[in-house]
Amino acid sequence: MNRNDLHQIVYRIAVVTLVAIAVGIASSLAAIAFVEAIHWLNDRLLISPYARVQTDNQPGLVAIATLMVPALGGLLVGLITRFLIRERRGLAPPDAILAAQTDGPTPGFRSGLASTLAALLSLGSGASVGQYGPLVYLGAMFGNLSGYLKLNLRHQRSIAIACGVAAAISTAFNAPIAGLVFAHEVILRHYSLRAFAPVTVAAATGYIIANVIFDRPALFLVEFTRVEHSYEFLLFALEGALCAGLAWLFMVSLKLSSRVSQRYIAPAWARPAVAGLLLGIVALWIPEILGIGQETLRFATIDDAFEVTELALIVVAKLALTAICLGFGFVGGVFSPALLIGILFGALYGTVLPHLIPVPYSGPVVYAICGMVALASSVIGAPLTTILIVFELTRNYDLTIAAMVAVVFSNIISYRAMGRSLFDLELRDRGFDLSLGRDKAILESRPIRDYLSGAYTIARVDETVETVRQRLVHGQRAEAMIVDDDDVLLGIVRLQSIINTPADTAAAEVAVRDFTRFDEQTSVWHSMEILRGFLGEAVPLVSMSGKLLGVVPEEAVIRAYLEIVHELREEENEGA
């Protein structure tokens, strides 16, 4: 190793570490500020259970706040989404995945800030949405910003995005290993030593800031000793299967709600307000559906905190109102609602179980935790992350094994029924199908116009066959592009077809009018599909108005494919 190589290695390690720490600090502090702002708004707007109990002597005020706060909050969210976010929707984990998976443009910083404000107002006004989705995008946004620095690092943007996401999850759950795995499992979708080191540093940074400096409380505390009976693992597996069905219902409800709102409420900015009003009306009877529901989540792990009918009612109401809030345009995530619905369903399952199967069991707590991770892992497509969250939060090996069994059976079934996750379904609706691998998604995102060539023979519409023939022979080409005075492509003349054509024949008369062509939107993937059965020298690429912009030789399409695949393999397998 020479001195230059040594300097490069030292530079790379130092800069990558500094970027990971900087992104981790920024993401962690932003996540803490975001969560604290939500709690402050919930207390001031009488959304949190603590604030509602404190104002118990003013039931009229509580009722008015329950009805009006979500509706007015929804109105503000609708206006922000309509006028401040360029994409006209809240930005979420699928945007972070897309930014890390492809090298295309990402949503702007202004859209990111406006989306974060919309999420803050959604959660602050009690909408039944999650906080972890906005936190993931917030972390990805800081990582994406660092990608603009000219640091001469390969794959800088995708790794920095993963660093931001890992720090945000690590901060939110006090779970650095889960943050590390989430970034690889959901965002990067591969494990390489080059990404592993900085993402680990960022996750550890988030944990230190949240747990050591700010001493943030754990999401919940569980008292559980051990699984008492081995046959209960069959019951955990059955619970996982049931949670897969509930996850499917959750995702279908989200899509149905979105379609209903688009069909029956014309102004998009008014939809969140309607959802807020519906939420407020239901919350007058079931206040547990308001907001993130952290208190409800903690109570679900306490024996006899809820009766069976209460648990069933809250599960149904939370699922329906979360679907309405997200489908109608409130900005937020699905992770928190999935955790809450899952833990309530698990508590219901664990409470009803001894009445259906009268055998000794380990109590409802372990079933509540299993339900929580089984449903959430199916929705977000992160089984390892959710298992590690249980382990890091509880430090209980038996509980983690039980959760693992439920997660495995839940994910096996949900994958067959719906695919990897709700995020993948949303990306597929946008035209990015990650179910066939990163290769296809990136090939679909890379335009073939990047490989455009100006090496082609052109012919005017009024030229003769002899003129075109001589030009092709002189240029050693087999095809000529026939264009009019505005350079609009009219056809292709092939040398083979005009060898015996009379010399004074107009070239336009012998031009092939039905030919293969690309446009400015054609991706590398689609160009490969178009080229199936193609016989020719090169494919012309035209603008929307039909103007000839250049040609793409067959070898350029093959070269594009090989270059992209080589980049991917190098990213996934290279060292630090």
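Computed from a predicted model, the values in this text were never measured in an experiment.
Relative ring orientation between F173 and Y132 is described as parallel, the plane-to-plane angle staying below 30° on a 0-90° scale split at 30° and 60°. Ring geometry, Y397 versus F391: the interplanar angle exceeds 60°, so the pair is classed perpendicular (tilted spans 30 to 60°).
In this structure, the separation between CD1 on I161 and CE on M141 is 11.5 Å, given to the nearest 0.5 Å. The structure places CD1 of I38 at 9.5 Å from OG of S122, a figure rounded to the nearest 0.5 Å. Atom CD1 of I289 and atom CD1 of I341 lie 11.0 Å apart (nearest 0.5 Å). A distance of 10.5 Å separates CD1 in I380 from CG in L422, rounded to the nearest 0.5 Å. Summarising the geometry, atom OG1 belonging to T116 is positioned 9.0 Å from atom CG belonging to L135; distances are rounded to the nearest 0.5 Å. Distance check: M372 CE to S377 OG gives 10.0 Å after rounding to the nearest 0.5 Å.
Using a distance-only test at 3.5 Å, with no hydrogens or angles considered, no donor-acceptor pair links the side chain of E288 to the main chain of G293. The main-chain N or O of I25 is never found under 3.5 Å from a side-chain atom of S28 such that the two would form a donor-acceptor pair. For D398 (side chain) and T225 (main-chain N/O), no donor-acceptor pair under 3.5 Å exists by modelled atom type. At least one donor-acceptor pair under 3.5 Å links the side chain of T386 to the backbone N or O of P383. Listed for the S257 side chain is no donor-acceptor partner under 3.5 Å among the backbone atoms of L254. With hydrogens and angles disregarded, a donor-acceptor distance shorter than 3.5 Å links the side chain of S27 to the backbone of V23. Without hydrogens or angle criteria, T66 side chain to L284 main chain gives no donor-acceptor distance under 3.5 Å. Using a distance-only test at 3.5 Å, with no hydrogens or angles considered, a donor-acceptor pair links the side chain of Q101 to the main chain of L188. In this structure, the side chain of R271 engages the main chain of I265 through a donor-acceptor pair within 3.5 Å.
The distance between the ring centers of F233 and F409 does not fall below 6.0 angstrom.
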**Q.** Test log, rule salt bridge (Lys or Arg N to Asp or Glu O under 4.0 Å), inputs R420 and E185
**A.** CA-CA 11 Å; R420 180 164 170 165; E185 190 174 31; 5.8 Å; no
(Q) Pair N211, Y207 - check side-chain hydrogen bond (donor to acceptor under 3.5 Å, both in side chains), show working. (A) CA-CA 6 Å; N211 198 52; Y207 176 75; 2.8 Å; yes
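Classification of R52 and D43 as a salt-bridged pair fails, no side-chain N sitting under 4.0 Å from a carboxylate O. Taking 4.0 Å as the cut-off between side-chain N and carboxylate O, E228 and R226 count as a salt-bridged pair.
By the 4.5 Å heavy-atom criterion applied to side chains, V165 and V186 are not counted as neighbours. Annotation: side chain of V77 is not in contact with side chain of W269 (no heavy-atom distance under 4.5 Å). Using a 4.5 Å heavy-atom threshold, the side chains of T296 and F299 count as separate. Side-chain atoms of S125 and L41, non-hydrogen and from C-beta on, never get closer than 4.5 Å to each other. The shortest distance between side-chain heavy atoms of I343 and L339 does not fall below 4.5 Å. With contacts defined as side-chain heavy-atom distances shorter than 4.5 Å, the pair Y50/N42 does not qualify. Under the 4.5 Å side-chain criterion, counting only non-hydrogen atoms from C-beta, T171 is in contact with I32. Proximity of L353 to Y367: side-chain heavy atoms (C-beta onward) are separated by under 4.5 Å at one or more points.
The minimum heavy-atom distance linking A275 with C325 is given by the pair CB-CA, 4.2 Å. When all heavy atoms of P94 and L427 are compared, the pair lying nearest together is O-CD2, 3.5 Å.
No more than 12 heavy atoms of other residues, nucleotides or ligands lie within 6.0 Å of CZ in R416, so this atom counts as exposed by the packing criterion. Crowding of F83 atom CZ: a count of heavy atoms from other residues, nucleotides or ligands under 6.0 Å exceeding 12.
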